[in-house]
Structure formats: structure tokens, C-alpha cells
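Throughout, numbering of the chain's residues begins at 1 and tracks the sequence. Owing to the predicted nature of the structure, the values given are computational and were not obtained by experimental measurement.
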Amino acid sequence: QLQLVESGGGLVQPGGSLRLSCAASGSIWGYYSLPWFAQAPGRGGGGVGCITKGGVPTYVNSVKGRFPIARDNAENTAYLLMNSLQPEDTAVYYCAAKPFGHSCSEGGMNYWGKGTLVTVSS
């Protein structure tokens, strides 16, 4: 069993930055690949990126170069580093965990956090 808790969201002006954290407890953290998702108000959700259990990140094109993903297995924490934020980035951001041992490209999602709201507005 794995519990995920996101933090770090808030209100930021366009062009600003935030660092979201995803803290995990309850299982062998290092064996899980960790995707990030965004659910925008009134719009559909979608993937932002993913970091493998080995620490290799992948990104959707819309955030490539702006939202680096990192993880610290010693601290059981993953990070979404959000730069050059724009109003269209406003969303609830969720971290999740793939099934044990799966890579980012494999299907399925076993665990979800409850999300943290990022609002980009002047």
C-alpha cells in the first residue's frame, strides 16, 4: 500500500514558479514510477509527465522544458518544478503511482494523491 500527499500549490502570478511535492509513505517507494496529472477547472484532465523508478523523466509537449520532474528516493518525495507559469496552467495537480515495478510507458495506475490547486492569475 502507498499513500501519496501533494503540497506546494497556491496562487502565483503569470511568469512565476512553484514547486509541487508528492510525499509518499507506506511502501517501497523506489520501485514505483510516478506520473503527474493536471485537472483544469471546466476542462478535461491530462498527463503532465512521469518519472521512472530509475529517475528518468518524460513530459508532454506543452510543459517540456518548463516543468522538470525530479525525485528523491531517500526522502520518499517527488517534485514537479513549475516555471514560467501561465493562466492556462491553472489546475489541480495530482501525483500518482504506477503498479509496482512498472515503467512510465506501461498501463495502469495504482495510487493517487488528493491533489493540490495551482492558480495562475494576476
Side-chain angles (χ1 to χ4, degrees):
Q1 193 76 356
L2 191 67
Q3 294 82 41
L4 304 174
V5 179
E6 302 93 338
S7 61
L11 175 64
V12 62
Q13 292 188 340
S17 298
L18 283 175
R19 186 181 78 165
L20 305 187
S21 299
C22 174
S25 61
S27 189
I28 306 172
W29 168 254
Y31 287 90
Y32 291 93
S33 295
L34 308 166
W36 285 88
F37 294 88
Q39 178 73 51
R43 294 189 277 143
V48 175
C50 182
I51 188 163
T52 68
K53 53 189 183 296
V56 178
T58 56
Y59 307 96
V60 299
N61 286 338
S62 61
V63 305
K64 197 173 292 185
R66 291 197 301 134
F67 291 3
I69 298 173
R71 68 187 294 164
D72 184 338
N73 287 346
E75 296 293 329
N76 281 16
T77 304
Y79 302 98
L80 181 65
L81 308 166
M82 310 176 78
N83 300 305
S84 302
L85 283 160
Q86 299 302 318
E88 54 266 31
D89 297 318
T90 295
V92 178
Y93 286 81
Y94 299 87
C95 67
K98 291 280 189 176
F100 186 86
H102 282 207
S103 69
C104 287
S105 59
E106 294 180 85
M109 214 71 61
N110 269 15
Y111 304 102
W112 291 87
K114 293 185 178 181
T116 185
L117 175 63
V118 172
T119 302
V120 185
S121 175
S122 55

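For Tyr31 and Phe100, the gap between ring centers is short of 6.0 Å.
In this structure, Leu2 is a member of the same hydrophobic cluster as Leu80, with clusters built from ILVMFWY side-chain heavy atoms closer than 4.5 Å. When hydrophobic clusters are built by joining Ile, Leu, Val, Met, Phe, Trp and Tyr residues whose side-chain heavy atoms come closer than 4.5 Å, directly or via intermediates, Tyr94 is not grouped with Leu20. In the hydrophobic clustering of this structure, Tyr111 does not group with Val92; members are Ile, Leu, Val, Met, Phe, Trp, Tyr whose side-chain heavy atoms approach within less than 4.5 Å, directly or through other members.
Rounded to the nearest 0.5 angstrom, Leu81 CG and Ser17 OG are separated by 9.0 Å. Here the OG-CD distance, from Ser122 to Gln13, works out to 7.0 Å after rounding to the nearest 0.5 Å. Summarising the geometry, atom CG belonging to Leu18 is positioned 9.0 Å from atom CZ belonging to Phe67; distances are rounded to the nearest 0.5 Å.
Remark: the backbone N or O of His102 is paired with a side-chain donor or acceptor of Ser33 at under 3.5 angstrom. Checked by atom type and distance alone, the side chain of Lys53 pairs as donor or acceptor with a backbone atom of Gly101 at under 3.5 Å. Listed for the Thr90 side chain is a donor-acceptor partner under 3.5 Å among the backbone atoms of Val120.
Residues satisfying the side-chain contact (heavy atoms from CB on, under 4.5 Å) test with Ala38, not counting sequence neighbours, are Val48, Ala91, Tyr93.
Shortest non-hydrogen contact noted between Glu6 and Trp36 is CG-CZ3, 4.3 Å.
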